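The structure displayed is predicted, hence computed values, not measured ones.
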Amino acid sequence: MSGGSSFAGAHHFVARDNTFIEAKTVNIHNNYGNRTTSVGVNSLMPNPSTRFTGRTEAIAKLKRHFFTTTNDAVEKRKFFLLYGMGGIGKTQICLKFVEEMHKSFSQVFWVDASCSGTIMQALKGIGLSYGLDGSPESALWWIGSLKETYIMIFDNADVLSPAALEAYFPPGMGGNILITSRNSAMMTLTSSENSLEVTEMEERDAIGLLLKASCFKSSTSHVQIQASKIVMKLFCFPLAIDQAGAYIASGATTIGDYLEKYSQHQETLLCHPEFTGASKYNKTVYETWELSYKEIHQRAKSNDSCKANAANSAMLLLELFPFFHHEGITEEIFSYAALQKDAKTPTSILPLASSLLDQRLLPLCGSGTWDNFLFREGIRILLSFSLIRRGPSDNVYAMHPLVHSWGKDRLNLTERKKCCLKAYVTLSCSLRWDAGQPYGFQRILVTHVRANMEYFKAEGNQNIVSYMDDAYAKFGRLLREQGYSKDAETLEIKVLDERNKILGVEHPDTMFAMANLATTYQNLGKYTEAEKLGIQVLDARKRILGVEHPDTIFAMANLATTYQYLGKYTEAEKLEIQVLDARYRILGVEHPDTIFAMADLATTYQYMGKYTEAENMEIQVLDARNRILGVEHPDTISAMADLATTYQYLGKYTEAEKLEIQVLDARKRILG
C-alpha cells in the first residue's frame with residue numbers, strides 16, 4: 001500500500017441503504033511494506049452462513065482469476081461474474097471467498113446492487129465513512145483513485161441492465177470488480193471467460209446442507225436416505241434445501257414426512273410455465289415458500305384460537321412486508337402507527353390516509369399503549385418458516401430479496417394494489433406530524449416510503465394511491481428532511497394546490513403547505529422561488545395571526561434564512577434580530593427556539609464579517625446547549641463547530657483547534 005494514501009487501511013463494509021451493521025471488533029490485517037497492523041473494524045459485511053457447504057471449485061476459480069499474475073506491464077482491473085438462479089448461492093460463495101482472501105485486498109467494498117437506489121445509498125455510505133461529501137460521485141472518484149488492490153463487489157445485480165450497472169463502476173483501471181446476478185447478460189461486462197454459472201450443489205454437499213438446516217446433530221442411515229431423496233427431489237438447489245430444512249426444524253413436519261407434503265404440489269411445480277429445468281430459474285423455490293404459506297393458512301383455520309390468531313397475524317404481515325423495503329423492517333413502524341394522533345389533521349374535508357388504516361395488528365391496551373402480542377406472534381410464525389429473518393438489532397426484521405419478490409408475485413394485480421395501499425397507509429400513520437421521532441427511525445422509514453412509491457412507478461400504477469393529504473404532507477416533510485428534496489417538491493406542490501382549492505389561499509394549513517414548499521425550494525437552491533413564497537407566508541400570517549404569533553415568527557425566521565442564501569445579509573440580520581427579540585420575550589432565554597434564533601443570527605454575523613458579535617452569540621449558544629441538551633447532542637456539536645469556525649476568522653487558532661478536536665472525536669464516536 002502506498003504510504004501517501006490518507007485513507008490507508010483495510011476496511012470492510014456492508015453498505016445497504018446507508019445502514020451499517022454493528023458487530024464485534026475483528027482483526028483485519030493491512031500491509032505496510034513488511035509491517036502488519038491489526039485494525040478494529042465496526043462495520044462488517046455479512047459473514048458466510050454457518051451452514052455453508054461445498055462450492056470449493058467456484059471459490060478456487062475466483063482465487064485463480066484474481067490472484068494469477070499477468071505479463072502486462074501495468075496490472076489492469078480484473079472483472080468476474082457469478083450468475084445463476086436466485087437463491088443458488090452466489091452471494092455465499094462471494095462471502096466465503098472474501099473471508100478466505102481478505103488479507104490480499106487493501107479494501108473490500110460491498111454494495112447491494114438490487115437497484116440504483118441501493119447502490120446510491122451504498123456509495124453515499126462509503127463516501128461519508130471516509131469523510132467525503134457524501135455524494136455517490138465523490139465515492140466513486142475516490143475509489144477509482146486508489147492505488148491499492150481493492151475489490152468492489154456488486155451483489156444481487158439482478159434488475160439493472162449491464163450498461164446501467166457499469167455506470168457505477170469506479171473510474172480508472174485499478175482494483176477488482178466482482179458481480180453476482182441472475183442475469184447472464186452481465187457477462188458483457190466481464191467476458192464469458194471471466195464468468196461462472198453457479199449451478200446445483202453436489203449431492204453430498206446438498207445432504208450436508210439439509211441436515212445442518214434441519215438442526216440434526218447426528219444422522220442415522222435412515223435419515224441420510226430420507227435426506228438424499230429430498231435433495232434429489234429439490235434438484236440440489238441450495239435455497240430450496242435451506243428452506244426445506246427450516247421447515248423441518250420448525251416442527252411443522254419431519255424429514256420422513258416432508259416429501260409427502262411436497263408431493264401434493266409436485267404437478268404444480270413441474271407444470272409451472274416458468275419451469276424450464278433444474279439449472280434455470282423456476283418456481284421450485286417459490287413453491288417451497290408457498291408450502292409454508294399454505295401451512296400458515298391451514299393453522300389460521302384451527303379451533304385453537306391462539307394458534308389461529310398467530311397464523312392470521314402472520315398472513316397480515318405477509319401482505320405488508322413485500323411492499324416495504326426488504327431490509328430494516330422495524331417494529332417501530334407498527335408501534336407508531338398504533339399510537340398515531342391524527343386528530344391534529346386540520347379538517348375532515350381533506351382526504352386522509354389515517355381513515356384507511358387497518359387496525360387488526362394495532363390494538364391498544366387499557367393503558368392506551370400498543371399491545372404488540374398479536375404482532376409478535378405473527379413475527380414468530382414467519383421466523384419459524386424462515387420467511388423473514390432477524391435484523392442486526394432487536395425488533396428489526398428483513399426478508400430475503402427473493403422472498404420479498406415472491407410476496408408480491410404470488411398476488412394478482414388487484415391484490416397487489418390493495419396490499420400496496422395498505423402498506424402505504426401504515427407507513428403514513430407511523431409518521432408523526434411533529435418532528436419528535438428519532439432520526440434513526442426516520443432514516444429507516446424513508447427507505448420504506450421510497451420503496452413503496454417505487455412500486456407504483458415500476459408497475460405504471462401511479463393511480464393506486466389517490467391524493468391523501470396527511471400522507472402527502474408527512475411524506476413530503478420526511479423526504480425533504482432526509483435529503484430527497486426533489487421527491488418532496490412533487491408532493492408538496494400537490495399539497496399546496498389541493499389545499500388552495502379545498503381550504504382556500506389564506507387558510508392556516510395552506511400557509512403551512514406554502515412554508516414547507518419554500519423550505520424545500522431552499523434545499524433545492526431555488527432561492528428566488530423560496531423568497532417569493534416566504535414573503536407571501538409572512539405577510540399573510542402578520543395580517544391574520546398577528547406579529548407575535550409563533551407561526552409568524554417562524555415565517556420570519558425562514559425568510560431570514562432564504563435571505564442568507566441569497567446573500568442579502570442586511571435583510572437577514574434585520575429579521576433575525578426581530579425573531580430573537582420576540583423569542584426572548586415570549587419563550588424565554590433558554591427555549592430551544594430562542595437558542596436556534598441566536599445561532600441563526602450568529603451565522604449571519606459571520607457572513608457579514610462581524611466576528612466579535614458572532615463569537616459572543618455562539619458562546620451563549622454553546623453554553624446553553626451544553627447545559628440543556630448535553631455535550632454529545634448533535635446540536636451541541638454543531639454549535640461547537642460553528643464557534644470553532646469563528647475562532648479561525650478571529651485568528652484564535654489554539655481555541656479553534658481545541659474545539660475542532662472535540663467535534664471530531666464526538667462525531668467519530670457517535671456517527672462513525
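Atoms NZ and CD, from Lys494 and Glu489 in turn, are 15.0 Å apart once rounded to the nearest 0.5 Å. Taking CD1 from Ile586 and CG from Asp593, the interatomic distance works out to 11.0 Å, rounded to the nearest 0.5 Å. Here the CG atom belonging to Leu496 is positioned 11.0 Å from the NZ atom belonging to Lys501, to the nearest 0.5 angstrom. To the nearest 0.5 Å, atom NZ of residue Lys147 and atom OG1 of residue Thr149 are 12.5 Å apart. Taken from CD1 in Ile444 to NE2 in His325, the straight-line distance is 12.0 Å, to the nearest 0.5 Å. Here Met514 contributes atom CE and Asp509 contributes atom CG; the two are 12.0 Å apart, rounded to the nearest 0.5 Å.
Within the 4.5 Å cutoff, the side chain of Leu575 has heavy atoms near those of the Leu559 side chain. Residues Ile535 and Leu538 are not in side-chain contact: their nearest non-hydrogen atoms beyond the backbone lie 4.5 Å or more apart. Proximity of Glu573 to Lys610: side-chain heavy atoms (C-beta onward) are separated by under 4.5 Å at one or more points. Using a 4.5 Å heavy-atom threshold, the side chains of His549 and Arg541 count as separate. Proximity of Lys574 to Thr570: side-chain heavy atoms (C-beta onward) are nowhere separated by under 4.5 Å.
Proximity of the aromatic rings of Phe105 and Tyr150 is defined here by a centroid distance below 6.0 angstrom, and this criterion is not met. In summary, the aromatic rings of Phe475 and Tyr424 are positioned with their centroids under 6.0 Å apart. Residues Phe375 and Trp370 bring their aromatic ring centres within 6.0 Å. Here the two rings, on Tyr527 and Tyr563, have centers that are 6.0 Å apart or farther.
Taking every heavy atom of both residues into account, Gly476 and Leu491 meet most closely at N-CD1, 3.8 Å. For the pair Leu140 and Tyr168, the tightest heavy-atom approach, listed with the atom from each and the gap, is CD2-O, 3.0 Å. Here the closest non-hydrogen pair linking Ile553 and Arg583 is CG2-NE, 3.6 Å.
Remark: Arg477 is not positioned above the aromatic ring of Phe512, lacking an NZ or CZ atom under 6.0 angstrom from the ring centre and at most 45 degrees off the axis. Cation-pi geometry between Arg450 and Tyr484 is met: under 6.0 angstrom from the ring centre, within 45 degrees of the axis. A cation-pi arrangement, defined by a distance under 6.0 Å to the six-membered ring centre and an angle within 45 degrees of its axis, is absent between Arg480 and Tyr521.
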Derivation of the side chain to side chain contact (heavy atoms under 4.5 Å, CB included) call for Asn372 and Asn395: CA-CA 11 Å; Asn372 63 11; Asn395 304 322; over 6 Å; no
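Looking at Glu576, Glu571, Gln522 one by one, the single match for side-chain hydrogen bond (donor to acceptor under 3.5 Å, both in side chains) with Gln564 turns out to be Glu576.
By the 30° and 60° cut-offs, the orientation of the rings of Trp142 relative to Phe109 is perpendicular. Aromatic ring pairs are classed by plane angle as parallel below 30°, tilted from 30° to 60° and perpendicular above 60°; the pair Tyr611 and Tyr649 is parallel.
With hydrogens and angles left out, the side-chain atoms of Asp469 and Tyr467 include a donor and acceptor closer than 3.5 Å. In this structure, a donor-acceptor pair under 3.5 Å is absent between the side chains of Thr510 and Asn500. Using a 3.5 Å distance cut-off with no hydrogens or angles, the side chains of Glu618 and Gln606 do pair a donor with an acceptor.
The backbone N or O of Gly328 sits less than 3.5 Å from a side-chain atom of His448, completing a donor-acceptor pair.
Listed by chain and number, the residues in a side-chain contact (heavy atoms from CB on, under 4.5 Å) with Asp497 are Ile493 (sequence neighbours excluded).
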